[in-house]
Trainee: 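Sharing a structure below in structure tokens format, with a few things to ask.
Just so we're on the same page: letters track the sequence lines, and every chain starts at 1. From a predicted model like this one, the values you see are computed outputs, not experimental measurements.
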Number of protein chains: 2
Amino acid sequence: MITIKDVAKEAGVSVATVSRVLNNKGGAKPETITHVENVIKKLNYKPNKIAKSLSEGSSNLIALLVPTLNNPFFPELVREIEKVANENGYNVYLCNSDDDRMKVEYYLESMIDHYVSGAIINSLHVDASDLAELEKRGIRTITIDRANFEHPYSAITVDHTLGAQLAVTHLIRDEKCNNIVFISGPKNEKSAIDRLTGFTLALNEAGHPVKTHICYGDFGTASGYENTKALIQNGHSFDSIFCANDAMAIGAMRACHEFGIKVPSEVKIVGYDNISLASYMYPTLSSVDQCKEDIGRLAVNELIQLIKNPKNKQKQYELEPKLVIRNSSTINGGSINE
Amino acid sequence: MITIKDVAKEAGVSVATVSRVLNNKGGAKPETITHVENVIKKLNYKPNKIAKSLSEGSSNLIALLVPTLNNPFFPELVREIEKVANENGYNVYLCNSDDDRMKVEYYLESMIDHYVSGAIINSLHVDASDLAELEKRGIRTITIDRANFEHPYSAITVDHTLGAQLAVTHLIRDEKCNNIVFISGPKNEKSAIDRLTGFTLALNEAGHPVKTHICYGDFGTASGYENTKALIQNGHSFDSIFCANDAMAIGAMRACHEFGIKVPSEVKIVGYDNISLASYMYPTLSSVDQCKEDIGRLAVNELIQLIKNPKNKQKQYELEPKLVIRNSSTINGGSINE
DNA sequence: TTGAAAGCGCTAACAC
DNA sequence: GTGTTAGCGCTTTCAA
């Protein structure tokens with residue numbers, strides 16, 4: 001391993017000088033700078049980030065805590081965040097909690113251990129006191145969605161009330177549905193509550209009575225499948241399903257297929273997340289787009305601001321989702337796909 | 001921040017002693033140990049891993065280089081590897097190269113910077129000299145699949161020849177297909193070559209002529225879709241498609257649907273990877289299972305052996321894939337799903 | 001404009 | 001059994 005000392009010796013200067021040119025601190029003669037730079041190139045020297053972190057008391061690591069990698073939404077989000085982080089010279093420390101409090105705790109400690117300089121958190125199992133603990137340790141935080149609690153730190157949410165409202169209004173107004181099943185996420189979750197609010201809003205706006213049924217899934221494909229299957233087997237009739245995410249919508253669609261229920265002519269389905277696979281489903285899946293790209297970019301940028309400028313005030317952002325209508329919810333576009 | 005010094009002072013011992021109990025090095029009186037442990041608890045002290053890494057010249061990080069997160073196979077593999085690594089006290093440094101040599105280089109350097117103690121590598125863009133460089137720096141490596149080159153380091157491969165053979169034999173023998181399209185991965189890749197060999201083997205075993213057509217995709221859903229669409233539009237007739245991965249198979253299935261081609265009655269489709277969504281597709285997707293769980297567990301365990309025992313010899317493993325037959329390739333099971 | 005040296009938190013000889 | 005101390009590679013005062 002070749003160190004700053006080797007460079008200093010080879011260049012005939014002190015390590016301080018090398019450090020200066022390395023970090024563009026200025027205060028060195030132009031010719032010294034170019035000379036040192038040449039030596040660095042010649043020796044193919046790479047500064048040791050661990051030593052740098054220790055010395056500076058912070059790293060270039062950003063922790064990213066996600067609840068799962070099973071739901072394609074998260075890999076897609078991870079990818080986006082990683083991209084923006086890298087663009088800014090940060091590395092991502094991916095923490096997949098599998099929605100398990102034990103693993104969350106493990107990773108929260110691990111973030112501290114690794115001197116991460118900031119954390120992007122998306123988990124049901126993190127509460128305000130966890131965030132406080134991180135902040136106390138100098139780790140800036142920003143939560144993304146799925147937070148079911150109030151806290152004073154930076155946060156990005158998507159307006160789930162609006163998202164649900166868009167989806168349900170589409171079903172009622174455009175598609176004349178009047179018997180809607182809502183497969184929600186876990187009851188205790190803010191996004192589930194918000195979406196329920198949006199659901200209700202859309203019903204009220206309808207101007208006429210609409211039958212509804214609400215059941216609760218866990219955002220996994222299997223739970224969308226099982227819930228739908230149970231409804232069908234119990235003889236529950238419905239003309240549409242709105243799912244709190246695409247994974248569950250895929251499960252719901254699967255159940256319909258298995259029972260010979262035609263989508264969209266007999267039952268219309270709308271999901272949430274707009275994962276990239278949505279447009280490859282059969283039929284293609286209508287979905288509420290959460291703008292992963294915007295979330296990712298915003299999260300990283302905001303976090304970097306906080307890291308670089310510890311006095312910056314935390315901000316809360318709320319993004320607007322968009323409805324993407326495909327064949328699972330509309331007969332007009334669905335001729336080939338049925 | 002509370003350091004080892006604080007603990008030493010509070011406990012009335014030296015930092016060396018604290019370090020000893022921290023690392024279970026022994027050579028300390030039982031009562032000293034418990035005393036120090038109590039102080040550690042009382043102060044809620046967490047050793048700084050950065051400092052530890054710098055001091056020891058190694059970390060508890062394992063780098064995991066994957067080519068993409070878009071293809072669900074990889075998140076599923078990541079999850080498995082992460083799980084086993086955590087069980088063994090290691091953290092995973094996820095490096096997503098997006099199949100881009102630039103990013104690969106970035107991450108290879110980053111691995112060195114972060115003192116990772118080992119790397120699990122799955123990339124087309126890493127060659128033997130990259131591995132040699134890592135090993136030279138004390139980073140043990142193990143490649144998983146997709147390596148299209150020979151190297152002396154540890155490796156896990158799946159017998160793709162066999163996998164392809166199983167799939168194609170199934171199509172020919174069980175399903176009486178005699179006009180098969182093979183959507184391969186990139187030409188230069190070992191797995192593509194192996195699967196082609198398996199493809200040919202299965203044809204030879206058939207005992208009668210079978211028409212074939214081979215095209216090349218990039219493992220993305222879109223490329224499966226586009227290839228299939230082009231064949232259909234060009235009037236190419238076929239009765240089955242074997243895809244080098246499930247993502248492309250999903251794309252292929254989508255194209256068939258769009259052109260009103262019934263799967264499996266008119267065209268049978270088999271994929272590769274057995275991603276968890278395969279059983280939620282419509283129709284459910286037959287696929288060659290690579291045993292992600294086995295790959296993940298084996299990779300981590302082998303790597304840890306290498307790390308702990310630098311003199312251990314590298315080993316090569318080859319796993320056997322299994323064919324999982326679902327409705328996309330067999331009419332018998334497909335009545336509801338068509 | 002530069003260099004010497006202290007220090008980041010920890011480990012590991014080496015000494016007692 | 002335990003403590004002292006010299007590093008690990010880097011940054012950053014402080015002097016020169």
Side-chain angles (χ1 to χ4, degrees), chain A residues 1-37 39-40 43-61 89 109-110 112-117 137-139, chain B residues 1-37 39-40 43-61 109-117 137-139:
Chain A
M1 153 151 288
I2 152 152
T3 76
I4 198 171
K5 273 189 194 165
D6 302 317
V7 177
K9 192 180 295 174
E10 177 74 18
V13 299
S14 72
V15 292
T17 300
V18 178
S19 178
R20 280 188 197 102
V21 344
L22 231 36
N23 298 291
N24 303 310
K25 295 278 180 184
K29 250 194 302 195
E31 52 231 72
T32 315
I33 295 182
T34 50
H35 176 224
V36 171
E37 279 170 345
V39 173
I40 286 174
L43 263 43
N44 189 26
Y45 163 72
K46 313 266 185 239
N48 179 325
K49 285 200 184 149
I50 291 281
K52 190 177 161 83
S53 294
L54 181 61
S55 180
E56 290 180 328
S58 77
S59 74
N60 73 330
L61 273 186
E109 289 198 0
S110 188
I112 296 171
D113 293 343
H114 286 288
Y115 264 61
V116 305
S117 47
R137 303 264 191 172
I139 299 174
Chain B
M1 153 149 290
I2 151 152
T3 76
I4 199 172
K5 273 189 195 166
D6 302 317
V7 177
K9 191 181 296 174
E10 176 74 18
V13 298
S14 73
V15 293
T17 299
V18 178
S19 178
R20 279 186 198 105
V21 344
L22 232 35
N23 299 290
N24 303 311
K25 295 276 181 185
K29 251 193 303 196
E31 52 229 74
T32 315
I33 296 182
T34 50
H35 177 223
V36 170
E37 279 170 344
V39 173
I40 288 175
L43 264 45
N44 189 24
Y45 163 72
K46 314 259 188 245
N48 180 326
K49 285 203 180 148
I50 292 280
K52 189 177 162 82
S53 293
L54 180 60
S55 180
E56 290 181 327
S58 77
S59 72
N60 74 329
L61 277 184
E109 289 195 1
S110 187
M111 289 175 198
I112 295 170
D113 292 344
H114 283 103
Y115 272 96
V116 305
S117 46
R137 303 264 193 170
I139 298 174

Trainee: Does D/dC10 have OP1 or OP2 sitting under 4.0 Å from an N or O in the side chain of B/Y115?
Mentor: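 B/Y115 to D/dC10 OP1/OP2: no side-chain N or O under 4.0 Å.
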
Trainee: Counting only side-chain heavy atoms from C-beta out, which of D/dT4, D/dG9, C/dT11 sits nearest to B/S14?
Mentor: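 In terms of side-chain proximity for B/S14, the closest of D/dT4, D/dG9, C/dT11 is D/dT4.
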
Trainee: Select base, sugar-phosphate, or nothing to describe what A/A28 touches, counting heavy atoms under 4.0 Å on all strands.
Mentor: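 Sugar-phosphate contact only - A/A28 comes under 4.0 Å of backbone atoms but never of a base.
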
Trainee: Which residue, A/R20 or B/P47, contacts DNA chain C at a nucleotide closer to its 5' end, judged by nearest heavy atom?
Mentor: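 Going by which nucleotide is closer to the 5' end, it is A/R20.
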
Trainee: Please name the pair of heavy atoms, one in A/V13 and one in A/T32, separated by the smallest distance, quoted to 0.1 Å.
Mentor: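 That would be CG1-CG2, 4.3 Å.
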
Trainee: Just checking B/G57: base, sugar-phosphate only, or nothing, at a heavy-atom cut-off of under 4.0 Å?
Mentor: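 Nothing, no heavy atom under 4.0 Å.
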
Trainee: Mind checking if A/K49 touches a base, just sugar-phosphate, or nothing, with heavy atoms under 4.0 Å?
Mentor: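 No contact at all - A/K49 keeps every heavy atom at 4.0 Å or more from the nucleic acid.
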
Trainee: In whole Å, I'd like the distance from the CG atom of A/N23 to the C1' atom of D/dC10.
Mentor: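 Result: 9 Å.
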
Trainee: Figure out the CD1/C1' separation between A/I4 and D/dC8, and round it to whole Å.
Mentor: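 Those two atoms, CD1 and C1', are 13 Å apart.
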
Trainee: Whole Å only: how far is the NE2 atom of B/H35 from the C1' atom of D/dT2?
Mentor: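 Computing the B/H35:NE2 to D/dT2:C1' distance gives 14 Å.
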
Trainee: Taking the side chain from B/N48 and the backbone from B/I50, do they hold a donor-acceptor pair closer than 3.5 Å?
Mentor: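 Yes; judged by distance alone, with no hydrogens or angles, the pair exists.
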
Trainee: Please work out if A/S19 contacts a base, only the sugar-phosphate, or nothing of the nucleic acid, heavy-atom cut-off 4.0 Å.
Mentor: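 The residue A/S19 makes base contact.
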
Trainee: Taking only the side-chain heavy atoms of A/A16 (C-beta and beyond), determine which of C/dA12, D/dT11, C/dA4 contains the nearest atom.
Mentor: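 Closest of the options to the side chain of A/A16: C/dA4.
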
Trainee: Which of these nucleotides, C/dC10, C/dG3, C/dT1, is closest to any side-chain atom of A/V13?
Mentor: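 Selected nucleotide: C/dG3.
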
Trainee: Under a 4.5 Å cut-off applied to non-hydrogen side-chain atoms, are B/I2 and B/E10 in contact?
Mentor: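 They are not in side-chain contact.
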
Trainee: A/K29 has an atom NZ; how far is it from atom P of C/dG3, in whole Å?
Mentor: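 Whole-Å distance recorded here is 10 Å.
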
Trainee: Of A/K5 and A/S55, whose closest DNA chain D nucleotide lies nearer the 5' terminus?
Mentor: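 It is A/K5 whose nearest nucleotide is closer to the 5' end.
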
Trainee: Any side-chain heavy atom of B/I40 sitting closer than 4.5 Å to one from B/L22?
Mentor: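 They are in contact (side-chain heavy atoms under 4.5 Å apart), so the answer is yes.
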
Trainee: Separation of B/K25 atom NZ from C/dA13 atom P, in whole Å?
Mentor: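 My rounded result for the distance is 9 Å.
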
Trainee: In whole angstrom, give the distance that lies between atom CD1 of B/I33 and atom C1' of D/dT2.
Mentor: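 Spelled out: CD1 on B/I33 to C1' on D/dT2 is 12 Å.
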
Trainee: Rounded to whole angstroms, how far apart are CG on A/L54 and P on C/dA6?
Mentor: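 So the CG-P distance, A/L54 to C/dA6, works out to 17 Å.
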
Trainee: Starting the side chain at C-beta, find the nucleotide from D/dC10, C/dC14, C/dT11 nearest to B/V15.
Mentor: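 Minimum distance to the B/V15 side chain belongs to C/dT11.
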
Trainee: Tell me if a side-chain donor or acceptor on A/S55 pairs with a main-chain N or O of A/K52 at a distance below 3.5 Å.
Mentor: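 Not a single qualifying donor-acceptor pair exists.
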
Trainee: Provide, to the nearest angstrom, the distance between the CG atom belonging to B/N60 and the C1' atom belonging to C/dC10.
Mentor: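 Rounded to whole Å, this separation is 14 Å.
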
Trainee: On the side chain of B/T17, is there an atom forming a donor-acceptor pair with the base of D/dG1 - under 3.5 Å, no angle test?
Mentor: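 Not at all, since no donor on one side and acceptor on the other fall under 3.5 Å apart.
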
Trainee: Please confirm whether the shortest side-chain N or O distance from A/N48 to OP1 or OP2 of D/dC8 is below 4.0 Å.
Mentor: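 A/N48 to D/dC8 OP1/OP2: no side-chain N or O under 4.0 Å.
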
Trainee: Could you tell me whether A/S53 contacts a base, only the sugar-phosphate backbone, or nothing, with contacts defined as non-hydrogen atoms closer than 4.0 Å?
Mentor: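 If one applies the 4.0 Å heavy-atom cut-off, A/S53 turns out to touch nothing in the nucleic acid.
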
Trainee: Enter the distance from B/N24:CG to B/I33:CD1 here, rounded to the nearest 0.5 Å.
Mentor: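 Output value for this atom pair is 8.0 Å.
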
